[in-house]
Structure formats: structure tokens, C-alpha cells
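Data first, discussion second: the structure below is written as C-alpha cells.
A quick note: this is a predicted structure, and the numbers were derived from the prediction, not measured.
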Amino acid sequence: GRTMKVLDLFSGIGGFSLGLEWAGMETIAMCEKDAFCRQILAKHWPDIPIHEDIRSLDGSQYKSVDVICGGFPCQPYSQAGRQLGNKDDRDLWSEMFRVIQESCPTWVIGENVSGFVSMALDDVCADLEDEGYQVQSFVIPACAVEARHRRDRCWIVGHAMADTTGERVQGLWTGGEQ
């Protein structure tokens, strides 16, 4: 079959892309604010565009992607932070969600710290469900993959529901503006 195409947001040094490429997928673009990380990404993925700021990324140019992934910034939810949640200007879920709405991928994979679960998981799941995704979340400790520490992470996986023609179901939610 066709190779699944990935848009990797908050790319860091490329952990998501590396794992998804091991699974047979192809990253077609990245987005990373940190200059040092962008240098590493450019070295390992020299042929793909690396956007600098998600706030100026136009998701509609990536209508062909099958997967949008990203460990959206977690300082707002980290126990080491002040836990301001979405009042924190580092909360970029709304920007990731906008890109998802603009590009309509079949799959969404998000990752965050475990403190996120009590603070924002319901909101993130509701956003995706309103947009026509079935969503499942998992909390997986780092030690489950042979790391020497626990460090729980919350993973969110969304899959677009489709009608009988295979077209994406948009706007299932009927309360409020669409």
C-alpha cells in the first residue's frame, strides 16, 4: 500500500519521526521552535521543510498527511511547573488543534506528561471528538520500555471516523458554532 505521510509538530530532535519511520511511515514536514533542535533535524532530515513556529504554520498545505503527531509543550502541566494549564502561554494545544482542523489527518498522536491527565485530557479529547475523531488515551511509564525511571507519559491517539463513502465525518458536534 501507499506509505503513510506524517506531519511532525513540536519535533524536538525527531523522536516521533524516527519511530514512525521505523514503522514504515514518511515524515514530510516538521515544526520546531528551538534553533539547536532544528540543526539536528536538518542534519538527519535534510530534504524536508522544518517550520519554526506553529502559530504561523498553515495546516491546509498539508491536506495529504495521514498522521499528525506531536508532544505539545508540557510545561503548563508539568509538576515541575506552576501548573497554570491553558492559561499558560506555552499551552500550544490550541495551535496543534488548529493545524489538525486545517489538514484533516486520519490519525492524531499526541503526547504529554502525566500531570496533563487531570488538567486537560478531557478538553483535548473533547476537541478531537467534536472534530470527528475516536480517541483513546494511555498512560505509559518510561520503565515499561526498559528505561530506568518511571516518568509517566500520557499518549492520545485519535482516528478519524468515516461515513460509508470513506469521507471524513466533519462537524458531528451540534452544540454551538462550527
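The distance from atom CG of D8 to atom CD1 of I68, rounded to the nearest 0.5 Å, is 10.5 Å. Note that NE2 of H159 and CG of L128 are 13.0 Å apart. Values are rounded to the nearest 0.5 Å.
M30 and L57 are members of different hydrophobic clusters when ILVMFWY side chains are connected at heavy-atom separations under 4.5 Å. In terms of hydrophobic clustering, with Ile, Leu, Val, Met, Phe, Trp and Tyr side chains grouped at heavy-atom distances under 4.5 Å, L9 and F72 are assigned to a common cluster. Residues I54 and L41 do not share a hydrophobic cluster, defined by chaining ILVMFWY side chains whose heavy atoms lie under 4.5 Å apart.
By the 4.0 Å N-to-carboxylate-O rule, R55 lies too far from E95 to be salt-bridged with it. E52 and R38 are joined by a salt bridge, as a carboxylate oxygen and a charged side-chain nitrogen come within less than 4.0 angstrom of each other.
Within 6.0 Å of CD1 on I50 lie more than 12 heavy atoms contributed by other residues, nucleotides or ligands. Heavy atoms of other residues, nucleotides or ligands lying less than 6.0 angstrom from NZ of K43 number 12 at most.
F10 places none of its side-chain heavy atoms less than 4.5 Å from the side chain of K33. E111 is not listed as a side-chain neighbour of C154, based on a closest heavy-atom distance of 4.5 Å or more. A 4.5 Å side-chain heavy-atom check between C69 and V108 finds every atom pair outside the cut-off. In this structure, the side chains of P105 and Y133 come closer than 4.5 Å at one or more pairs of heavy atoms. When side chains are defined from C-beta on, D127 does not count as touching E129, because their heavy atoms never get closer than 4.5 Å. The shortest side-chain heavy-atom distance between V99 and D58 does not fall under the 4.5 Å cut-off. Side-chain contact between I28 and I48 is absent, with no heavy-atom pair separated by less than 4.5 Å. The shortest distance between side-chain heavy atoms of S103 and K63 does not fall below 4.5 Å.
The other residues sharing a hydrophobic cluster with V67 are M4, V6, F16, L20, M25, W107, I109, F138, I140, W155, V157, where clustering joins ILVMFWY side chains under 4.5 Å apart.
With 3.5 Å as the limit, one finds no donor-acceptor pair spanning the side chains of W93 and N112. Under the 3.5 Å distance criterion, with hydrogens and angles disregarded, no donor-acceptor pair is assigned to the side chains of D66 and T106.
Of the residues S11, C31, S56, the one that meets the side-chain contact (heavy atoms from CB on, under 4.5 Å) test with H51 is C31.
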- Do E102 and Y62 pass the side chain to side chain contact (heavy atoms under 4.5 Å, CB included) test, and can you show the C-alpha distance, the side-chain angles, and the key distance before you say yes or no? CA-CA 8 Å; E102 291 168 352; Y62 293 109; over 6 Å; no
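Among residues at least two apart or in separate chains, there is no ring-ring contact (aromatic ring centres under 6.0 Å, His included) pair with a member in residues 22-43.
Residues meeting the ring pair (Phe, Tyr, Trp, His ring centres under 6.0 Å) test with W45, sequence neighbours left out: none.
Taking every heavy atom of both residues into account, C37 and G12 meet most closely at CB-O, 3.2 Å.
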